[in-house]
Asker: 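The structure's right below; bear with me while I get my questions together.
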Amino acid sequence: MPVNFFERVEEACAAFVERAFANMFPSDLEPAQIARKLVATMEARTKQTAEGAVAPGHYEVYVHAEDYQRLEMHRAYLEAEWCALLTDVAERVGIVFETPPRIELLEGDGMVAGAVEIATGGEQHARAHGGFALRVLGGVASEPQYRISGAARVGRSPESDVHLPDPSVSRNHALFDVQNGTLVVHDAGSTNGTYVNQERVDTAVLKSGDVVAFGKAALRVEQA
């Protein structure tokens, strides 16, 4: 997808999150984090078809039991606002849904407090597959290792799930996604490209031991 797609998504998401959650949750960023993760999941799982860009319509948001209990009283509001966000972003960038968009907030089994996992279209949530770890080998990164269990945006933007504040990394560089135990990386039209084992790729299925490079930043894929 072209770079301006991701720029427009980020602008739309930032504006909507501020409008929808800033007043109601002034000291609680989790609903906004979930909102951004939902948008990343929609982006990663949008397919190009003869009819255009098509995204899943059903999203299940899994959180730890304690987080669920805290958010449950706002569940109807949150589900409606998250759904409105996806609809707004989809309209801006020309995505249509397979089915009318629907989001469910659910309690996940065996999850860590503060974690969020998203499943689409009846897929088992990622916890069943353990997810992946990305260990930083080189370049500038905000963490030594990143855990990936679903869709995750990679880039220089502070809002990225895999935040790589390296000048060689594009603001919105790439997307990771985990579906049914498989890790995939999608380049987002970055300036310096995405490389897997030194080969430039647009999309690639990854396995444990692969080295993925974004500009000068390099990460090794490990099974979590």
Side-chain angles (χ1 to χ4, degrees), residues 1-18 29-30 32-46 85 89 93 112 114-118 126 129-179 181-224:
M1 294 183 185
V3 176
N4 66 348
F5 173 92
F6 294 94
E7 291 175 349
R8 290 169 66 193
V9 163
E10 183 177 6
E11 291 170 2
C13 189
F16 191 95
V17 165
E18 177 68 21
L29 298 179
E30 289 175 9
Q33 291 168 351
I34 292 170
R36 293 183 183 280
K37 198 167 185 67
L38 278 163
V39 171
T41 301
M42 181 182 73
E43 293 172 25
R45 301 186 186 180
T46 293
L85 169 61
V89 172
V93 298
V112 176
V116 179
E117 295 173 1
I118 297 175
H129 304 289
F132 295 84
L134 302 171
R135 189 175 301 278
V136 177
L137 302 179
V140 180
S142 59
E143 302 288 342
Q145 179 175 291
Y146 298 90
R147 174 70 179 269
I148 304 295
S149 59
R153 187 179 288 112
V154 183
R156 200 174 67 249
S157 167
E159 304 297 342
S160 299
D161 302 291
V162 179
H163 181 213
L164 303 174
D166 190 305
S168 67
V169 177
S170 296
R171 184 171 176 82
N172 292 294
H173 198 110
L175 280 167
F176 283 112
D177 192 23
V178 177
Q179 282 188 279
T182 300
L183 178 63
V184 181
V185 65
H186 308 274
D187 186 77
S190 63
T191 301
N192 291 322
T194 296
Y195 290 78
V196 177
N197 301 328
Q198 301 184 337
E199 181 178 347
R200 188 163 185 166
V201 300
D202 291 323
T203 298
V205 176
L206 303 172
K207 63 183 184 300
S208 184
D210 284 344
V211 175
V212 188
F214 310 101
K216 295 180 180 178
L219 302 91
R220 184 174 63 232
V221 177
E222 300 177 355
Q223 195 76 38

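The first residue in the sequence is number 1, and the count goes up from there.
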Asker: Any pair with a residue in residues 159-178 that passes ring pair (Phe, Tyr, Trp, His ring centres under 6.0 Å), sequence neighbours left out, goes on the list, sorted by first then second residue, please.
Answerer: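 Ring pair (Phe, Tyr, Trp, His ring centres under 6.0 Å) check on residues 159-178 returns His173-Phe214, Phe176-Phe214.
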Asker: Any ring pair (Phe, Tyr, Trp, His ring centres under 6.0 Å) pairs touching residues 184-204, not counting sequence neighbours?
Answerer: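 Those involving residues 184-204 do not exist here.
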Asker: So do the side chains of Arg220 and Leu134 get within less than 4.5 Å of each other, counting heavy atoms only?
Answerer: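 No; the side chains remain at least 4.5 Å from each other.
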Asker: Is the shortest side-chain N to carboxylate O distance from Asp166 to Arg156 below 4.0 Å?
Answerer: no
Asker: Return each pair, listed once, that meets salt bridge (charged side-chain N to carboxylate O under 4.0 Å, His left out) where at least one residue sits in residues 204-219; pairs must be two or more places apart or across chains.
Answerer: Lys207-Asp210
Asker: Can you tell me how far the CZ atom of Arg171 sits from the OG1 atom of Thr191, to the nearest 0.5 Å?
Answerer: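 Between Arg171 CZ and Thr191 OG1, I get 13.0 Å after rounding to 0.5 Å.
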Asker: Is there a side-chain contact between Leu206 and Val212 (heavy atoms, below 4.5 Å)?
Answerer: yes
Asker: Among residues at least two apart in sequence or on other chains, which ones pass salt bridge (charged side-chain N to carboxylate O under 4.0 Å, His left out) with Arg200?
Answerer: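 For Arg200 there are no salt bridge (charged side-chain N to carboxylate O under 4.0 Å, His left out) partners, ignoring immediate neighbours.
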Asker: Salt-bridged, Arg36 to Glu159, with N to O below 4.0 Å?
Answerer: yes
Asker: Could you name each residue pair satisfying ring pair (Phe, Tyr, Trp, His ring centres under 6.0 Å) that touches residues 134-156, not counting sequence neighbours?
Answerer: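 Every pair satisfying ring pair (Phe, Tyr, Trp, His ring centres under 6.0 Å) with a residue in residues 134-156: there are none.
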Asker: Contact between Leu38 and Leu85 at the side-chain level, heavy atoms closer than 4.5 Å - yes or no?
Answerer: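 No, their side chains stay 4.5 Å or more apart.
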Asker: I need the Thr194 OG1 to Asp187 CG distance, nearest 0.5 Å.
Answerer: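 Output value for this atom pair is 3.5 Å.
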Asker: Measure from the side-chain N and O atoms of Lys37 to the backbone N and O of Ile118, and report whether any donor-acceptor pair falls under 3.5 Å.
Answerer: no
Asker: Using side-chain contact (heavy atoms from CB on, under 4.5 Å), reason through Ser168 and Asn192 one step at a time and then give a plain yes or no.
Answerer: CA-CA 7 Å; Ser168 67; Asn192 291 322; 4.0 Å; yes
Asker: Working to the nearest 0.5 angstrom, can you tell me the gap between Leu164 CG and Leu219 CG?
Answerer: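 Leu164 atom CG to Leu219 atom CG measures 6.0 Å (nearest 0.5 Å).
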Asker: If you round to the nearest 0.5 Å, how far is OG1 of Thr46 from CG of Leu175?
Answerer: 9.5 Å
Asker: Quick one: salt bridge (charged side-chain N to carboxylate O under 4.0 Å, His left out) partners of Asp161, sequence neighbours excluded?
Answerer: none
Asker: Mind listing the closest non-hydrogen atom pair of Ser160 and Val154 along with its distance?
Answerer: OG-C, 3.9 Å
Asker: How long is the gap from OG on Ser208 to CZ on Phe132, to the nearest 0.5 Å?
Answerer: 8.0 Å
Asker: Count the heavy atoms of every other residue, nucleotide or ligand shown that sit under 6.0 Å from CG of Asp202, and state whether that count exceeds 12.
Answerer: no
Asker: Determine, stepwise, if the pair Leu183 / Ile148 fulfils side-chain contact (heavy atoms from CB on, under 4.5 Å).
Answerer: CA-CA 9 Å; Leu183 178 63; Ile148 304 295; 4.1 Å; yes
Asker: Val140 versus Pro165: any side-chain heavy-atom pair under 4.5 Å?
Answerer: yes
Asker: Provide the closest heavy-atom pair for Gln145 versus Val136 in the form atom of the first, atom of the second, distance.
Answerer: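 Looks like N-CG2, 4.5 Å.
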Asker: Side chains of Arg153 and Val39: does their closest heavy-atom pair fall under 4.5 Å?
Answerer: yes
